[in-house]
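Contents: one structure, followed by commentary.
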Protein chains: 2
Amino acid sequence: MRKYKDIGLKLTPQRIAILDYLDGNRQHPTAEEIYRAVSKRFPTMSFATVYNTLETLRRRGSISELTIEQGKKRFDPDPSPHHHLMCMVCKQVHDIGRDFPLPLTEGERRGFDILATHVEFHGICPECRAAGTNARAVAG
Amino acid sequence: MRKYKDIGLKLTPQRIAILDYLDGNRQHPTAEEIYRAVSKRFPTMSFATVYNTLETLRRRGSISELTIEQGKKRFDPDPSPHHHLMCMVCKQVHDIGRDFPLPLTEGERRGFDILATHVEFHGICPECRAAGTNARAVAG
DNA sequence: CTGGCTGCAAATCTTTTGCATCCTG
DNA sequence: CAGGATGCAAAAGATTTGCAGCCAG
């Protein structure tokens with residue numbers, strides 16, 4: 001995510017705290033988790049600043065925003081294209097750093113310019129399986 | 001989606017209206033779009049009924065719920081596994097009815113039971129491209 | 001008849017916005 | 001010192017919930 005190398009970005013202490021928290025973070029945190037973490041250092045931190053900063057970073061291509069959990073955004077400090085594996089029960093998200101061949105025929109493409117392709121693997125993690133969670137309850 | 005064949009489901013007029021609207025519908029409508037459509041027939045229809053019915057149908061495996069557009073649910077009357085192509089600008093969603101080989105190594109699986117795999121193609125549709133929308137503005 | 005369903009309103013949760021003040025470059 | 005960033009609170013948008021009354025099976 002090229003921390004601090006984002007020339008043109010005004011580096012405030014709050015932004016540095018967010019960048020520090022995200023750097024190397026493999027948890028794919030939600031906005032709330034980021035807010036809670038940086039609030040420890042900056043008790044006056046507001047959601048507005050968290051969302052503003054994340055949106056700025058996303059537009060610069062420094063991070064990516066995941067639409068994998070219903071109803072909330074998750075953020076990934078790794079902006080390069082890759083895929084994800086999510087536990088349907090506890091919502092933990094892992095990276096799948098592999099390329100899959102995903103060619104579309106002209107008919108399937110429907111004239112679209114394809115800009116991104118994302119594969120989501122949904123399942124039950126070992127911990128949740130051991131905890132006896134009924135997969136069908138969440139998997140439908 | 002086996003309309004009406006869902007034995008054990010109490011068939012109220014409201015549910016029939018929702019089933020009728022979804023049957024054969026390829027628009028991947030949001031809850032709001034479903035609400036608006038069935039409200040024409042049932043002016044007293046409430047969001048609670050729409051959400052209740054959709055959740056009931058999903059749990060029965062009669063429809064599937066898409067997590068492809070940020071912040072809202074979309075519903076697909078086709079519950080069989082398939083993939084999707086979405087326009088990043090106007091959010092229209094198309095089906096991709098093809099299987100792709102998406103094998104995970106043991107290491108990549110991390111002990112998960114994989115229950116579903118979903119490929120999302122994101123791009124710009126011909127109409128939005130013609131309208132001159134700047135892809136980078138939305139694509140980041 | 002009765003348990004599940006409906007409809008309304010209020011509540012919840014996440015994200016966005018307006019605006020006065022602040023501070024980095 | 002100017003323009004962008006912050007923080008607060010209020011607003012917005014989507015979904016969920018509580019509950020009294022209703023109706024399909």
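Residue numbering restarts at 1 for every chain, and letters A, B, ... go by the order of the sequence lines.
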> Residues in side chain to side chain donor-acceptor pair (under 3.5 Å) with B:H118, at least two apart?
Replying inline: B:H84
> By salt bridge (Lys or Arg N to Asp or Glu O under 4.0 Å), which residues pair with B:R110, not counting sequence neighbours?
Replying inline: none
>> Which residues pass the side chain to side chain contact (heavy atoms under 4.5 Å, CB included) test with B:E69, not counting sequence neighbours?
In response: B:K72, B:R74, B:M86, B:K91
>> According to side chain to side chain donor-acceptor pair (under 3.5 Å), who are the partners of B:T44, at least two apart in sequence or on a separate chain?
In response: none
> What are the 5'-most and 3'-most nucleotides of DNA chain D lying under 4.0 Å from any heavy atom of chain A?
Replying inline: D:dG3 to D:dC8
> How far apart are the closest heavy atoms of B:I63 and B:P77, and which atoms are they?
Replying inline: CG2-CA, 4.1 Å
> How long is the line joining CG of B:L54 and P of C:dT6, in whole Å?
Replying inline: 11 Å
> Partners of A:H83 by side chain to side chain donor-acceptor pair (under 3.5 Å), sequence neighbours excluded?
Replying inline: none
> Tell me, for nucleotides 14-25 of chain C in 5' to 3' order, what letter each nucleotide earns: B for a base near a protein heavy atom under 4.0 Å, S for only sugar-phosphate near one, - for neither?
Replying inline: SBBB------BS
> At how many degrees, to 10°, do the end axes of the helix from C:dC1-D:dG25 to C:dG25-D:dC1 meet when each uses five pairs?
Replying inline: 40°
> B:R15 has an atom CZ; how far is it from atom C1' of C:dG7, in whole Å?
Replying inline: 14 Å
> Partners of A:F112 by ring-ring contact (aromatic ring centres under 6.0 Å, His included), sequence neighbours excluded?
Replying inline: B:H94
>> Going by the rule side chain to side chain contact (heavy atoms under 4.5 Å, CB included), which residues pair with A:F42 if we only count those two or more places apart in sequence or in a different chain?
In response: A:P13, A:Q14, A:A17, A:M45
> Looking at residues at least two apart in the chain, or sitting in another chain, which of them share a side chain to side chain donor-acceptor pair (under 3.5 Å) with A:D99?
Replying inline: none
> A:E65: what forms a side chain to side chain contact (heavy atoms under 4.5 Å, CB included) with it, not counting sequence neighbours?
Replying inline: A:E55, A:R58, A:K73, A:F75, B:Q70
